[in-house]
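Reviewing the structure listed below.
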Amino acid sequence: MVNNVTTNPGALVALQNLNRISDQLNDVQRRVSTGKQVSSAKDNPALYALAQKQRAELGSIESVQQGLRIGSSAVDVAVAAGEGISDILIEMRAIASQASDPALGASERQLLQDQYASLGDQIDRLVDSATIGGRNLLDGTTTTLTVNASTDGSSTIDIAGYNLTDTSVLTIDKTGGDLSTAAGAAAELADIDTTIDNLTSALANLGAGSKSLDLQGKLLTRIADALEISIGNLTDADLAKESSRLQALQVQQQLAIQTLSIANAAPNAILALFA
């Protein structure tokens, strides 16, 4: 072995080993502190690109879900108002049925007429109140509610609106009808039955539309959960394993420092030759 104080091969090897261990230790400390095995493109370009693509898909799903929630709110408001109108029609039918009794007097019919007209006014208020976000599915202003159901815009859910201000749907006379005679009350009963049938059909369609929006929202939630799990599998670090590596590298670093110290002290032995 050549003794040389100018070049110390042992120290150079020990320094290279220390630098290698320090680099590994820095990587492990980064993974432990961030919780990510892949936190940037330089860590693993392929996995980072795949994770970013899935993150973009996840962001698009959140936007679609928001649109579904807005659409569901509009439909739910319309359904609630429609159910309220259905309850009113049942009350109006009971009044008209009572007014169809030929034995009633004029004063009694007038009371029933006033109650009937008051309930008709409530129908208009419910129709007007079924507005949310500028959309109303009951007053004819929104003929079709179209809601995006996919991240690429290729799929939509279309829900038909209804015009309860149109006499073709609400065939009753909301201003009060004619309950002054038994025959007039009987005619109102027929109109109410037709109106109830029309409204029931409309509510069934709105309810089916609301169900479709809810189901699509739940499906997208499951897809979003799967994407989050996939992204985690691609990028998250195994902290238990990293903790074990961290402790091992810390020990190796201490040993490498001691080895470098010994290698740096070796040239001092040459001084003994000149003593």
Side-chain angles (χ1 to χ4, degrees), residues 16-80 132-135 137 142 144-160 206-257:
Q16 291 174 4
N17 188 47
L18 177 61
N19 288 337
R20 177 182 59 81
I21 293 173
S22 296
D23 289 341
Q24 292 178 358
L25 185 59
N26 288 335
D27 287 340
V28 173
Q29 287 175 332
R30 173 189 58 77
R31 290 194 288 270
V32 171
S33 62
T34 62
K36 297 291 184 182
Q37 181 178 0
V38 180
S39 57
S40 67
K42 68 179 182 180
D43 296 329
N44 189 318
L47 290 182
Y48 182 80
L50 182 57
Q52 285 295 92
K53 183 177 180 180
Q54 292 184 353
R55 289 189 182 102
E57 181 73 11
L58 184 59
S60 298
I61 287 177
E62 291 174 353
S63 298
V64 174
Q65 286 179 314
Q66 183 178 7
L68 289 171
R69 287 192 291 269
I70 293 173
S72 182
S73 296
V75 177
D76 289 346
V77 167
V79 170
I132 183 171
R135 289 177 291 189
L137 293 173
T142 302
T144 303
L145 177 65
T146 300
V147 182
N148 182 32
S150 62
T151 56
D152 59 1
S154 61
S155 176
T156 61
I157 296 176
D158 298 326
I159 301 172
L206 289 172
S210 179
K211 187 68 173 179
S212 297
L213 293 174
D214 290 342
L215 290 174
Q216 185 66 17
K218 291 178 181 178
L219 173 61
L220 290 177
T221 296
R222 295 181 64 181
I223 294 175
D225 291 343
L227 282 173
E228 287 189 358
I229 293 172
S230 177
I231 293 170
N233 291 335
L234 292 172
T235 63
D236 289 354
D238 185 342
L239 293 183
K241 184 182 295 184
E242 297 300 336
S243 176
S244 177
R245 287 176 180 172
L246 180 63
Q247 294 180 21
L249 287 170
Q250 286 173 337
V251 172
Q252 293 178 43
Q253 185 183 53
Q254 293 300 318
L255 292 173
I257 292 173

Quick one: does Ser210's side chain have a donor or acceptor within less than 3.5 Å of a partner on Leu206's backbone?
no

Distance-only check: which donor-acceptor pairs under 3.5 Å involve side-chain atoms of residues 57-64, not counting sequence neighbours?
{"from": "Glu57", "atom 1": "OE2", "to": "Thr151", "atom 2": "OG1", "distance (Å)": "3.2"}
{"from": "Ser60", "atom 1": "OG", "to": "Ala56", "atom 2": "O", "distance (Å)": "3.1"}
{"from": "Ser63", "atom 1": "OG", "to": "Gly59", "atom 2": "O", "distance (Å)": "3.4"}

Does the Gln216 side chain pair with the main chain of Ala149, one donor and one acceptor, at a distance under 3.5 Å? yes

Review point. Can a donor-acceptor pair be found between the side chains of Thr156 and Asn148 at a distance below 3.5 Å?
Key: no

I'd like to check Thr235 versus Arg55 (side-chain heavy atoms, cut-off strictly below 4.5 Å). Are they in contact? yes

4.5 Å side-chain heavy-atom contact, Gln54 and Leu234
yes

Would you find a donor on one side and an acceptor on the other, under 3.5 Å apart, between the side chain of Ser33 and the backbone of Gln29?
yes

| Do Leu213 and Ile159 come within less than 4.5 Å of each other through their side chains, counting heavy atoms only? | yes

- Whether Thr221 side chain and Gly217 backbone form a donor-acceptor pair below 3.5 Å: yes

* **Ala208 backbone acceptor or donor facing Ser212 side chain under 3.5 Å** => yes

Rounding to 0.5 Å, atoms CZ (Arg245) and CG (Asp238) come to a distance of 8.0 Å

In this structure, CD of Gln252 is separated from CG of Leu18 (nearest 0.5 Å) by 11.0 Å

**Asked** Would you say Gln66 has more than 12 foreign heavy atoms packed within less than 6.0 Å of its CD?
**Response** no

Determine whether the side chains of Asp158 and Thr144 contain a donor N or O and an acceptor N or O closer than 3.5 Å.
-> no

Review point. Going by heavy atoms in the side chains, are Asp214 and Ser72 under 4.5 Å from each other?
Key: yes

Residues at least two apart in sequence or cross-chain that pass salt bridge (Lys or Arg N to Asp or Glu O under 4.0 Å) with Asp43, listed by chain then number, are Arg30

